[in-house]
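Whatever order the structure lists them in is the order used to number ligands and atoms, beginning at 1. If you're wondering where the values come from, they're calculated on a predicted model, not measured in any experiment.
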Amino acid sequence: MIANKLAILLLGYVTCLTVAYGQNAVYWALGSGFEPTSSVRGLQIKEQQQEIWTATLPFVSASAGNDSVVGSSGSLDITKVDERTCTGQSITSIQNVVWEGSTTGSAVQVSGLLQDCGGYSNSYALTFWIPDDLQDRVAFYLDIAATADAANPLKKLYFRYHSHEDEDFYGLGGQASFASLKNQSIPIFSREQGVGRGDEPVTSYGNENGSFSGGNRFTTYTAIPSYISTDGKVVYLSEKSTALVFFDFTDPNAVSIRYDSLSVDGMFMRANNMFDAVEMLTAYTGRMPKLPEWVDSGAILGIQGGQSKVRSIVEEGLSLGCPIAGVWLQDWCGTHSQEGPYINISRLWWNWENDEALYPTWPEFVQDLRDTYNVRTLSYINTFLANVSTKPDGFRRNLYEEASTLQYFVENTTTNSTAIISSGPGLEAGIIDLTNDGLRSWFAEMMKTNVWIANISGFMTDFGEYTPVTWDTTLANMVSDAFFFHNEYPTLWAQYQREIVEELGLQDEAVLFHRSAAMSSNRYMNLFWAGDQNVDFGVNDGIKSAVTIMAHMGLSGYSQSHSDVGGYYDVLTYEGFNVTRSAELLGRWGEMAAVSSSVFRSHEGNIPSVNAQFYSNTSTYGYYAYNARMFASLAPYRRMILKTECAPKAWPLLRPPVMYHTNDERARQVSYQCFYLGPNLYVAPVLEPQTFELSVYLPEDNTYTYVWTGQTYSGGQDVTVSTPYGKPAVFLVGSASDIPELEAFLDFVKRENTTRVLVE
Ligand SMILES: *[C@@H]1O[C@H](CO)[C@@H](O)[C@H](O)[C@H]1NC(C)=O
Ligand SMILES: *[C@@H]1O[C@H](CO)[C@@H](O)[C@H](O)[C@H]1NC(C)=O
Ligand SMILES: *[C@@H]1O[C@H](CO)[C@@H](O)[C@H](O)[C@H]1NC(C)=O
Ligand SMILES: *[C@@H]1O[C@H](CO)[C@@H](O)[C@H](O)[C@H]1NC(C)=O
Ligand SMILES: *[C@@H]1O[C@H](CO)[C@@H](O)[C@H](O)[C@H]1NC(C)=O
Ligand SMILES: *[C@@H]1O[C@H](CO)[C@@H](O)[C@H](O)[C@H]1NC(C)=O
Ligand SMILES: *[C@@H]1O[C@H](CO)[C@@H](O)[C@H](O)[C@H]1NC(C)=O
Ligand SMILES: *[C@@H]1O[C@H](CO)[C@@H](O)[C@H](O)[C@H]1NC(C)=O
Ligand SMILES: *[C@@H]1O[C@H](CO)[C@@H](O)[C@H](O)[C@H]1NC(C)=O
Ligand SMILES: *[C@@H]1O[C@H](CO)[C@@H](O)[C@H](O)[C@H]1NC(C)=O
Ligand SMILES: *[C@@H]1O[C@H](CO)[C@@H](O)[C@H](O)[C@H]1NC(C)=O
């Protein structure tokens with residue numbers, strides 16, 4: 001048993017002093033009578049001869065001051081505020097304490113004082129133990145006593161431990177802008193990711209006039225406090241530790257966790273490699289449930305506009321040789337117009353019943369698509385309800401009115417009524433309070449009678465980021481305050497919807513795709529979607545960022561992910577620029593999805609009329625159909641990986657090269673340029689406009705055969721390959737051509753080598 005070999009060392013000025021190495025798990029030889037001398041400089045935890053965690057004094061600190069969170073409705077700008085930061089730390093005792101949930105029933109507790117926190121000293125206790133259900137890791141609990149300074153109490157803690165220049169970090173959820181997170185300070189907070197996120201000029205435009213709708217390189221829908229390092233180290237906070245946290249990697253020799261509360265718990269561990277690390281992480285968080293097999297066979301067409309439009313686009317696709325697994329009809333609940341620059345945009349009515357103008361015979365229509373074309377239907381829901389009393393074509397139930405009366409929304413204690421969120425002019429809504437048992441049964445009943453009443457196969461499970469954080473926010477059941485609670489909501493949302501699916505017995509049929517996620521949400525969702533990218537080639541928020549997000553999500557335990565083919569956000573401005581979708585972007589995004597994702601699903605974008613659509617004409621549909629065939633040809637290979645690697649071990653389908661080439665400096669710096677799809681394909685998608693040749697880095701220790709030409713290259717070099725439309729750079733790794741599950745793909749490559757796809 002590994003746990004028996006755990007040692008906690010005291011670091012002295014000169015050498016390490018081994019003080020525990022017992023037969024039983026955590027054994028603290030010096031017992032409770034021990035008083036460390038001033039020669040103690042820090043602590044180290046080792047497992048056999050492997051270092052797991054090392055810290056030198058001071059490694060705990062705290063500060064006063066409320067962090068500032070400015071903005072509303074999901075677009076939240078965070079500024080750190082630190083006052084009265086403690087300036088020193090002492091260790092006054094190290095002892096065994098009785099501890100529930102530990103393998104031995106006891107833990108090692110280090111306690112002492114934080115000195116000079118604005119004139120006061122504060123005691124702290126840092127406790128380590130081996131959890132009895134996960135004996136390959138060390139759990140910690142750090143608790144700082146409330147200050148005597150009632151006027152300006154300590155608010156947050158710092159916890160700092162060793163790293164080194166060569167340790168790189170990955171994960172922490174849907175990170176979109178970086179390869180390694182080394183040298184960054186990463187906030188963990190679920191919010192709108194922003195439109196631009198640093199890509200210009202659109203970010204500055206969005207962040208004008210006190211708004212934060214542009215976001216920055218750190219904004220993400222996810223709040224996942226777990227990382228994996230190139231040393232095989234895995235660190236995460238527990239599911240209960242949902243406060244805002246920064247993982248600060250800016251000091252090359254240290255990691256610092258800044259946590260917005262006075263107590264935090266989590267775990268440290270060390271794996272042999274990054275694959276084992278993902279497995280260890282997900283032994284705690286859980287793994288994604290099975291993705292139904294029907295998604296493998298073709299595209300899921302994102303269409304809006306009503307029954308006859310959907311039917312004719314499906315029929316056209318089938319006649320053009322487009323394999324269609326399903327349609328995704330987010331406007332099933334109806335749309336209304338929202339004022340925007342140049343043109344008004346169409347928004348959904350957030351009242352979860354079918355719109356009788358667009359989909360008058362919804363259940364029959366859904367069943368007919370299924371029975372006539374073998375095409376599944378996905379719809380849309382989110383965490384909001386909007387007042388539909390002004391809906392011109394009527395409604396059967398006004399869920400907003402019902403929920404308001406029942407007080408089922410997150411509430412505002414200033415107004416004593418629903419906390420209202422806004423999604424642009426004229427779109428106000430309440431957020432359902434998932435901590436309220438009444439709401440939970442009422443909404444579940446509604447899900448069954450309104451949403452699952454048609455024979456749909458799932459939906460986009462949107463939002464999850466919007467619970468307000470101000471002091472006047474209240475929910476029915478919270479352990480702390482709304483700011484602390486905020487990051488808990490995405491997991492509650494995923495868990496809640498999954499439970500309904502299981503109650504209905506639809507777990508082998510339903511696909512629910514979320515963009516918001518927090519600790520352990522992966523246990524409850526069978527598909528992650530990378531959120532709302534701009535319809536451009538940008539690094540921080542365009543097509544490239546979709547790959548980066550999938551890569552970091554993979555190292556956060558999300559093995560099954562995908563993005564909106566074509567992107568989502570259009571931006572029309574009066575300032576001399578627009579962001580709208582070209583046919584080229586749509587085509588290249590489809591290629592990328594075909595060779596990277598577990599699901600191929602397109603989106604019309606937020607202003608469909610200014611975008612190239614797959615159904616715009618036979619050129620765009622031809623390219624899309626080709627990409628869907630490429631995706632379908634990879635089905636046996638993907639499914640094998642999902643079954644043998646994703647389900648049992650949570651190894652991601654899309655793997656950043658660092659997972660295989662951990663000590664390769666260049667591989668460590670790859671964010672979107674290339675990745676492995678499973679173990680046998682190495683892929684460099686074309687993510688730049690007008691790029692028909694790509695220089696691709698091939699890491700050492702493998703050979704790579706370019707599928708489109710059959711040419712084999714040895715690793716450890718950059719090669720330039722031809723990448724006309726329809727030909728993303730895909731290489732077989734080693735002798736992958738022998739793998740039977742790749743036969744269908746290699747047939748596709750041969751058969752379609754001369755298929756011409758067009759963007760005109
Ligand atoms: C800080 O937040 C607390 C609530 O958590 C509030 O009571 C207090 O007034 C705030 N302090 C300042 C200076 O805003
Ligand atoms: C770390 O980040 C800073 C600021 O972004 C940058 O100036 C510096 O070059 C980076 N250092 C390394 C080693 O990447
Ligand atoms: C910011 O305010 C200026 C002046 O009122 C206005 O011209 C501009 O359009 C605003 N920007 C945005 C993004 O709304
Ligand atoms: C946009 O909507 C507003 C009100 O919602 C309306 O007054 C205006 O005429 C619409 N503009 C266009 C171009 O349809
Ligand atoms: C819904 O909207 C109608 C019309 O604006 C209004 O009269 C009603 O009070 C609203 N309902 C709630 C619960 O706010
Ligand atoms: C909200 O309720 C509290 C307590 O019931 C009351 O003191 C306060 O005046 C109310 N505020 C408003 C705006 O109605
Ligand atoms: C509550 O309403 C007040 C007044 O409209 C507003 O300033 C505050 O931001 C609201 N808080 C929440 C949580 O909705
Ligand atoms: C949904 O459609 C499939 C295929 O026609 C059928 O087998 C199944 O029974 C239907 N489910 C429901 C709940 O109607
Ligand atoms: C932006 O799009 C609008 C609406 O399609 C159009 O009228 C305007 O000319 C475009 N502006 C630029 C700079 O292309
Ligand atoms: C097809 O639609 C795309 C996107 O709108 C456009 O760029 C292209 O010119 C069109 N081609 C034809 C033949 O109409
Ligand atoms: C595809 O066609 C090119 C050019 O005609 C040829 O060089 C290449 O070998 C073909 N590739 C395959 C896999 O058949």
Side-chain angles (χ1 to χ4, degrees), residues 63-70 78-84 118 146-147 149-156 243-244 260-262 292 294 325-327 336 349-351 362-379 384-392 394-395 397-422 426-432 447-449 451-458 468-474 478-486 500-501 503-511:
S63 73
N66 293 346
D67 282 340
S68 132
V69 183
V70 177
I78 301 169
T79 309
K80 295 181 203 168
V81 176
D82 287 296
E83 292 162 9
R84 301 175 174 242
T147 185
D149 183 0
N152 196 4
L154 292 182
K155 280 293 176 74
K156 57 203 106 63
L244 166 68
D260 244 28
S261 186
L262 290 182
W294 66 263
V327 289
H336 56 114
W349 280 111
W350 294 339
N351 184 57
W362 175 244
E364 295 77 14
F365 176 67
V366 168
Q367 191 63 52
D368 188 50
L369 288 176
R370 178 86 180 264
D371 295 340
T372 311
Y373 311 105
N374 194 26
V375 165
R376 264 52 173 203
T377 299
L378 301 178
S379 69
F384 305 132
L385 295 170
N387 190 346
V388 283
S389 64
T390 58
K391 190 169 186 279
F395 52 88
R397 282 172 71 181
N398 187 339
L399 298 172
Y400 178 86
E401 291 270 10
E402 291 180 32
S404 300
T405 308
L406 295 163
Q407 291 184 289
Y408 282 164
F409 289 121
V410 175
E411 296 257 317
N412 183 330
T413 58
T414 302
T415 59
N416 292 338
S417 63
T418 303
I420 298 296
I421 66 95
S422 161
L427 190 38
E428 278 84 37
I431 308 173
I432 54 171
M447 288 296 303
K448 292 172 189 166
T449 54
V451 181
W452 286 109
I453 191 76
N455 197 0
I456 55 168
S457 301
V469 299
T470 47
W471 60 270
D472 59 358
T473 308
T474 179
M478 276 189 300
V479 286
S480 178
D481 59 18
F483 190 20
F484 188 93
F485 170 78
H486 178 86
I500 296 170
V501 164
E503 273 169 39
L504 293 169
L506 290 172
Q507 56 273 24
D508 293 329
E509 174 64 26
V511 178

Distance to 0.1 Å, residue and atom name: give those for the protein heavy atom nearest to [atom].
atom                    : answer
atom 5 (O) of ligand 1  : Lys155 NZ, 4.0 Å
atom 4 (C) of ligand 5  : Ser389 OG, 3.1 Å
atom 9 (O) of ligand 5  : Glu401 OE2, 4.6 Å
atom 12 (C) of ligand 1 : Asn66 ND2, 3.2 Å

Practice prompt. Would you tell me whether Ser457 and Glu509 have side-chain atoms, one donor and one acceptor, within less than 3.5 Å of each other?
Written response: yes

Fill in: Heavy atom of protein inside 4.0 Å of atom 7 (O) of ligand 8, strictly below
no

Worksheet item: Does some non-hydrogen atom of the protein lie less than 4.0 angstrom from atom 14 (O) of ligand 1?
Response: yes

Item to complete: May I ask you to check whether Phe409 and Tyr400 place their ring centers less than 6.0 Å from one another?
Response: yes

Fill in: Any Trp452 side-chain heavy atom under 4.5 Å of Val501 side chain
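Side-chain contact under 4.5 Å: yes.
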
Discussion item. Are the side chains of Val511 and Trp294 in contact, using a 4.5 Å heavy-atom criterion?
Written reply: yes

Worksheet entry | Closest to atom 2 (O) of ligand 8 among Ile456, Asn455, Leu506 (heavy-atom distance) |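 Nearest option to atom 2 (O) of ligand 8, by heavy atoms: Asn455.
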
Discussion item. So, regarding Thr390 and ligand 5 (criterion: nitrogen or oxygen to nitrogen or oxygen, under 3.5 Å), is there a contact or not?
Written reply: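 Checking ligand 5 against Thr390, no N or O pair falls under 3.5 Å apart.
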
Worksheet item: Is there a nitrogen or oxygen of Asn387 sitting under 3.5 Å from a nitrogen or oxygen of ligand 5?
Response: yes

Fill in: Interfacing atoms of ligand 5 (cut-off 4.0 Å, heavy-atom, Ser404)
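Going through ligand 5 atom by atom, the ones under 4.0 Å from Ser404 are 13 (C).
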
Worksheet item: Looking at Asp371, which atoms of ligand 8 are within less than 4.0 Å of one of its heavy atoms?
Response: 4 (C), 5 (O)

Fill in: Rounded distance [0.5 Å steps], CD in Glu83 versus CG in Leu154
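Here the interatomic distance stands at 11.0 Å.
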
Worksheet item: Atom CG of Leu385 and atom CH2 of Trp349: how far apart are they, to the nearest 0.5 Å?
Response: 13.0 Å

Worksheet item: Would a distance-only check, ignoring hydrogens and angles, find a side-chain to backbone donor-acceptor pair under 3.5 Å from Lys156 to Val81?
Response: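 Side chain of Lys156 to backbone of Val81: a pair is present.
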
Worksheet item: Is a side-chain N or O of Asn351 found less than 3.5 angstrom from the main chain of Arg397, in a donor-acceptor match?
Response: yes

